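Okay, so here's the structure we're looking at.
Quick note on labels: first sequence line is chain A, next is B, and so on, each numbered from 1. None of the values given here were measured: they were computed from a predicted structure.
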Number of protein chains: 2
Amino acid sequence: MPVAPPRPTDLPLTALRAFEAAARLGGFSAAAQELGVTPGAVTAHVKALEARLAARLFIRGPKGVELTALGARVLPEFTAAFDALGLAVHHLRAESAPKIVHIATLPALAQLWLSPRLPGLRAQMPGVEISITAMEAPPNLKRAPYDLSLFPGREGRLVAEEVIFPVCAPQLAARLTRPEDLADLPCLIDSAWAEDWQDWAAVAMPGTAFRPRGPVFSLYALAVEEAANGAGVLMAHGSLVAGHLARGQLVAPLPQRVRLPTALRLWSARSLKPGHPAERVARALRAP
Amino acid sequence: MPVAPPRPTDLPLTALRAFEAAARLGGFSAAAQELGVTPGAVTAHVKALEARLAARLFIRGPKGVELTALGARVLPEFTAAFDALGLAVHHLRAESAPKIVHIATLPALAQLWLSPRLPGLRAQMPGVEISITAMEAPPNLKRAPYDLSLFPGREGRLVAEEVIFPVCAPQLAARLTRPEDLADLPCLIDSAWAEDWQDWAAVAMPGTAFRPRGPVFSLYALAVEEAANGAGVLMAHGSLVAGHLARGQLVAPLPQRVRLPTALRLWSARSLKPGHPAERVARALRAP
DNA sequence: TGAAGAGGCTCAGATTTCCTCACCCTAGAT
DNA sequence: ATCTAGGGTGAGGAAATCTGAGCCTCTTCA
């Protein structure tokens, strides 16, 4: 006659993780995004946790949530614990498959920057598999299973400056000799980098109220293709159109180039051991 | 067009916990017990983990499992991480309900030792709720949600010595004047403490090959009741029959008493802050 | 030598947990 | 006033998780 409740159910790990993410990121939506679930799921987890503890962890406000004193007191401990767990998982992965390097990056960078460099990388380090995952925002490297993260930003090891300038198909170049000509040409806009046009115009056409008009793309690589097809002028990131420029598919008729405050940067969660495949990949990417 | 796999499923926390428990305890069955699930569930978790990592974590042997080099390398990190998590949960519980003290103990101790002391405890600290959970084996206090653990053992703060001696109903006492008389009387046996008879006989009847005969009980409290009913002789733990002896429901006809190497001991996971309810309960139990 | 037991594996089926979807609500911004 | 951002709800379904019974292997012990 064993004396044991059917399941001596401790606090559910998933709910704790949801709480930690929500508390650390300051919102349920942000947590949902990090965890890859819908906000409703986070709401439910936190609610379940609070119900079980019979105590509030967040104060619900109309413009978001805020930690209660209780929540704030315990958050650091949970963050540290989940960080340790994430690190342990990282090490487990690294030890069990030391020959695979996982890289997280933007879709545009994956296609236009990383992809052309892959053959060289593969040749340089045979036996090492390079896996690339595209995502819209940099992952939390302490949690998500990536070795390297390549994104525009201000932190991390510099890989390439971000220099932007207008490009178009060669047959369109004749119609684009001065910045003012842009008003008469369709401007291809990438939805994620919509501000590029303003950033460039602010420097290249100071004093002018320039508003680009043209089709919007959610995939930068698609915009590049359309530009090469002659659909209009694209605000190009230098490092992403180098191939098209070299092959003559695109040309840059205007001399004005603008350096963005962010640059293409690479970073990794843990300090990479020299000689480790991930470290070798990082080094190779930094010095192309 | 968000670029995200349906669920960027990281390693499942539950499976990691199963691995950690199995590795730390040296077996799937032991892990299953600690986690409160069947061994099959642990098997499945570990298998899933290994499949996903494409690496073995355990070497399966006929008499159990053994960690692989990989498993052994990562175990300490996981243990530390889950310990930290368990501690964080402990603190969360303590902060959110500081007035509840959870005690884990044996069923027999709960009924026969703790229960009589509860009214006094409650009177001594009004407003503090004392919750008692009975279980067969001491819980892992770093993981399970208990503040105090009361079990026979060699570690922890001494609460009471374990002294054993035969007892019976008063009407049976006349037939029990010498240890040898035990051969002619039914000996009530508690399945969990079956060795008590041997331990006592080894000291009280040296040289004799004594084997108790009689009904076996899985619940010590039941055996005590049966002894009081005159069903036979029970090998009593002194601190558990004090009440029955005082009320005359049981008597101890033989003078031989044996002190067990284990004693009733109390311990807690974290260092208790003076003034904290759990600490006050612990102090009260130690000095009755 | 052979029975019993410990420890683990497997598979089907059941249960619980977890998540999504669609919708509502609120307050501040446009 | 409408829009947007952030959160809450409840139904329904998908997926993770657990159980249970039976099998296997090796060891122990009688």
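Dashed line: the shortest gap from a side-chain N or O of His45(A) to OP1 or OP2 of dC19(C) is under 4.0 Å. Ser29(B) has a side-chain polar atom (N or O) that falls below the 4.0 Å cut-off from OP1 or OP2 of dG8(C). Within the structure, every side-chain polar atom (N or O) of Arg60(A) is placed at least 4.0 Å from both OP1 and OP2 of dG6(D). At the phosphate of dT10(C), neither OP1 nor OP2 sits under 4.0 Å from any side-chain N or O atom of Thr43(B).
Protein atom CZ of Phe58(B) is 15 Å distant from nucleotide atom P of dG7(C), rounded to whole Å. Separating the CD atom of Gln33(A) from the P atom of dG7(D) is a distance of 12 Å, rounded to the nearest angstrom. In this structure, Leu35(A) atom CG and dT17(C) atom P are separated by 19 Å, rounded to whole Å. A straight line from CD of Glu66(B) to P of dG7(C) spans 15 Å, rounded to a whole angstrom. When rounded to the nearest whole Å, the span between CZ of Arg52(B) and C1' of dT17(D) equals 14 Å. Distance, Glu50(A) CD to dG7(D) P: 13 Å, rounded to whole Å. Distance Ile59(B) CD1 to dT25(D) P: 20 Å, rounded to the nearest Å.
The salt bridge (charged side-chain N to carboxylate O under 4.0 Å, His left out) test applied to Glu95(A) returns Arg73(B), not counting sequence neighbours. Not a single salt bridge (charged side-chain N to carboxylate O under 4.0 Å, His left out) links Arg265(B) to another residue, sequence neighbours left out. Not counting sequence neighbours, the partners of Phe78(B) by the ring-ring contact (aromatic ring centres under 6.0 Å, His included) test are Phe19(B). Residues satisfying the salt bridge (charged side-chain N to carboxylate O under 4.0 Å, His left out) test with Lys47(B), not counting sequence neighbours, are none.
Interatomic distance, Gln33(B) CD to Leu25(B) CG, rounded to the nearest 0.5 Å: 9.5 Å.
Between Tyr220(B) and His237(B), the angle of the ring planes goes over 60°, which puts this pair in the perpendicular group of the 30/60° scheme.
Side-chain proximity of Lys47(B) to the nucleotides dT19(D), dT20(C), dT10(C) is greatest for dT10(C). Distances were taken from every side-chain heavy atom of Phe28(B) (C-beta onward) to each of dC9(C), dT17(D), dC19(C); the shortest belongs to dC9(C).
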Item to check | Letter per nucleotide, 5' to 3', of nucleotides 22-30 of chain C [B base touched, S only sugar-phosphate touched, - untouched; heavy atoms, 4.0 Å] | outcome: -----S---
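The stretch residues 14-27 of chain A touches DNA chain D through Gly27(A), each having a heavy atom within less than 4.0 Å of the strand.
With respect to Lys142(B) and Glu20(B), no salt bridge is recorded, no charged nitrogen being found less than 4.0 Å from a carboxylate O.
Summarising the local packing, CD of Glu66(B) is surrounded by 12 or fewer heavy atoms from other residues, nucleotides or ligands at distances under 6.0 Å.
At a threshold of 4.0 angstrom between heavy atoms, the contacts of Val65(A) are confined to the sugar-phosphate backbone, with no base atom among them.
Counting heavy atoms from C-beta outward, Leu35(A) and Thr14(A) have side chains that stay 4.5 Å or more apart.
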